[in-house]
Trainee: 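Dumping the structure here so I can ask a few things about it.
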Amino acid sequence: MRGSTTSNPAEGTYLRGDETTVKILVAGPFSVGKTTFIGTMSQIRPLKTEEVMTAASTAVDDLRGRPDKHETTVALDFGRLSLNDKLVLYLFGAPGQERFFPILSHLAHGALGALVLVDTRHLAQSYPVMGVVEQLGLSYAIAVNQFPDSPPYTADELRAAMDLPADAPLVFCDARDQPSSKQALIRLVSYLLTLLPESTP
Ligand SMILES: Nc1nc2c(ncn2[C@@H]2O[C@H](COP(=O)(O)OP(=O)(O)OP(=O)(O)O)[C@@H](O)[C@H]2O)c(=O)[nH]1
Ligand SMILES: [Mg+2]
């Protein structure tokens, strides 16, 4: 976490001296809604690195329940938003497929924590990503991205199934919807701030 002053002559002051920036990794399995989430929340035009999916990936990328999916992230997404006057989030979205997992360690560098998106129609697909995030030493919250045919599991059922650390937040959101997605980020950042050394008595 750091504060700095950066000026962009073309667009005016981008980061004021009294703002604190926090880098957040947005992770999750293939097609869970990471790019959608960052597109919903970013207050700048998000950076996307999506490529059209070809027949070559149909054997490995599970498109069940994802009829509209034609592109996939191959490097990262990036978005920026101010949560309030003083706190700016830099959102780094990760690719979802296991073949891209080595990228996560680079994207996670300097991150305060991670938001792990989960699709409860394919819950087990989240476990490898959660494992990588834990291996990287990142504290995280779970954001359950809800689809119309998502099974109606309760938070307690999901926490038990995922063996979630007791203090890690779990929230429900719709990655296309700003209020619920913002709430997920607020819950994550509030949690991460409680873990900072200066906040312990
Ligand atoms: N119904 C519904 N559809 C969603 C939601 N979020 C994303 N989608 C759709 O689900 C598909 C996948 O979304 P993406 O944002 O591309 O997912 P991703 O996690 O970035 O995917 P990869 O980068 O390929 O891993 C898209 O067709 C979205 O329109 C949601 O909350 N509800
Ligand atoms: Mg994506």
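Read the numbers this way: they start at 1 and go in the same order the structure lists the ligands and their atoms.
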Trainee: So, the side chain of Gln178 versus the backbone of Thr40: is there a donor-acceptor pair under 3.5 Å, distance only?
Mentor: yes
Trainee: Does atom 26 (C) of ligand 1 have any protein heavy atom closer than 4.0 Å?
Mentor: no
Trainee: For atom 30 (C) of ligand 1, find the nearest protein heavy atom and state the residue, atom name and distance (0.1 Å precision).
Mentor: Arg176 NE, 3.4 Å
Trainee: Among all the protein's non-hydrogen atoms, which is closest to atom 21 (O) of ligand 1, and how far away is it?
Mentor: Lys69 NZ, 2.8 Å
Trainee: So, does Ser190 use its side chain to make a donor-acceptor pair with the main chain of Ile186 at under 3.5 Å?
Mentor: yes
Trainee: Among protein heavy atoms, which lies nearest atom 23 (O) of ligand 1, and at what distance?
Mentor: Thr73 OG1, 2.9 Å
Trainee: May I ask you to list the atoms of ligand 1 that are less than 4.0 angstrom from any heavy atom of Pro148?
Mentor: 1 (N)
Trainee: Just to confirm my output: which protein heavy-atom neighbour is closest to atom 14 (P) of ligand 1, and how far is it?
Mentor: Thr36 OG1, 3.5 Å
Trainee: Are any side-chain N or O atoms of Ser42 and backbone N or O atoms of Ile38, one a donor and one an acceptor, separated by less than 3.5 Å?
Mentor: no
Trainee: Would you mind checking which non-hydrogen protein atom is closest to atom 6 (N) of ligand 1, with the distance to 0.1 Å?
Mentor: Asn145 ND2, 3.3 Å
Trainee: With the 4.5 Å side-chain cut-off for hydrophobic clustering, are Leu123 and Leu170 part of the same group?
Mentor: yes
Trainee: Any heavy atom of Gln146 closer to ligand 1 than 4.0 angstrom?
Mentor: yes
Trainee: Report, as yes or no, whether the 6.0 Å neighbourhood of atom CZ on Phe100 holds more than 12 heavy atoms from other residues, nucleotides or ligands.
Mentor: yes
Trainee: Is the Mg ion (ligand 2) less than 2.8 Å from an N/O/S atom of Thr35, whether that atom is in the backbone or a side chain?
Mentor: yes
Trainee: May I ask you to test the Phe92-Asp77 pair for a side-chain heavy-atom distance under 4.5 Å?
Mentor: no
Trainee: Under a 3.5 Å threshold, yes or no: a donor from one side chain and an acceptor from the other, between Glu51 and Thr72?
Mentor: no
Trainee: State whether Thr73 contributes an N/O/S atom found under 2.8 Å from the Mg ion (ligand 2).
Mentor: yes
Trainee: Sub-3.5 Å donor-acceptor pair from the side chain of Lys48 to the main-chain atoms of Phe78, do we have one?
Mentor: no
Trainee: If the cut-off is 4.0 Å to any non-hydrogen atom of Ala175, which atoms of ligand 1 fall inside it?
Mentor: 6 (N), 31 (O)
Trainee: Can you name the closest pair of heavy atoms from Pro29 and Gln125 and give their distance?
Mentor: CB-O, 3.3 Å
Trainee: Applying a strict 4.0 Å limit to heavy atoms, is Gly28 in contact with ligand 1?
Mentor: no
Trainee: Considering both backbone and side-chain atoms of Gln97, is one of its nitrogen or oxygen atoms within less than 3.5 Å of a nitrogen or oxygen in ligand 1?
Mentor: no
Trainee: Tell me which protein heavy atom sits closest to atom 12 (C) of ligand 1, plus the residue, atom name and distance to 0.1 Å.
Mentor: Ser31 OG, 3.5 Å
Trainee: Could you check which of Ile38, Val26, Asp149, Thr72 puts a non-hydrogen atom nearest to atom 24 (O) of ligand 1?
Mentor: Thr72
Trainee: Checking Lys34 side chain against Gly28 main chain: does a donor-acceptor pair fall under 3.5 Å?
Mentor: yes
Trainee: Please identify which atoms of ligand 1 are closer than 4.0 Å to at least one heavy atom of Gly96.
Mentor: 25 (O)
Trainee: Do Ser180 and Asp174 get their side chains close enough for a donor-acceptor pair, meaning under 3.5 Å?
Mentor: no
Trainee: Number the atoms of ligand 1 from 1 as they appear, then name those within less than 4.0 Å of a heavy atom of Phe30, with their elements.
Mentor: 24 (O), 25 (O)
Trainee: State if Pro95 counts as touching ligand 1 under the rule of any non-hydrogen atom under 4.0 Å.
Mentor: no
Trainee: Is there a polar contact, in the sense of an N or O pair closer than 3.5 Å, between Val32 and ligand 1?
Mentor: yes
Trainee: Please determine if Gly33 has a nitrogen or oxygen closer than 3.5 Å to a nitrogen or oxygen of ligand 1.
Mentor: yes
Trainee: Taking the basic N atoms (NZ, or NE/NH1/NH2) and the acidic carboxylate oxygens, is any pair closer than 4.0 Å for Asp18 and Lys86?
Mentor: no
Trainee: Less than 3.5 Å between some nitrogen or oxygen of Asp77 and one of ligand 1, yes or no?
Mentor: no
Trainee: What residue and atom, counting heavy atoms only, is the protein's closest point to atom 18 (P) of ligand 1, and at what distance?
Mentor: Lys34 N, 3.5 Å
Trainee: Quick check against the 3.5 Å criterion: does Glu157 have a side-chain atom that pairs as donor or acceptor with the backbone of Thr154?
Mentor: yes
Trainee: Give the minimum heavy-atom separation between Glu71 and Glu50, together with the two atoms involved.
Mentor: OE1-OE1, 3.6 Å
Trainee: Which protein heavy atom lies closest to atom 4 (C) of ligand 1, and at what distance to 0.1 Å?
Mentor: Phe147 CE2, 3.3 Å
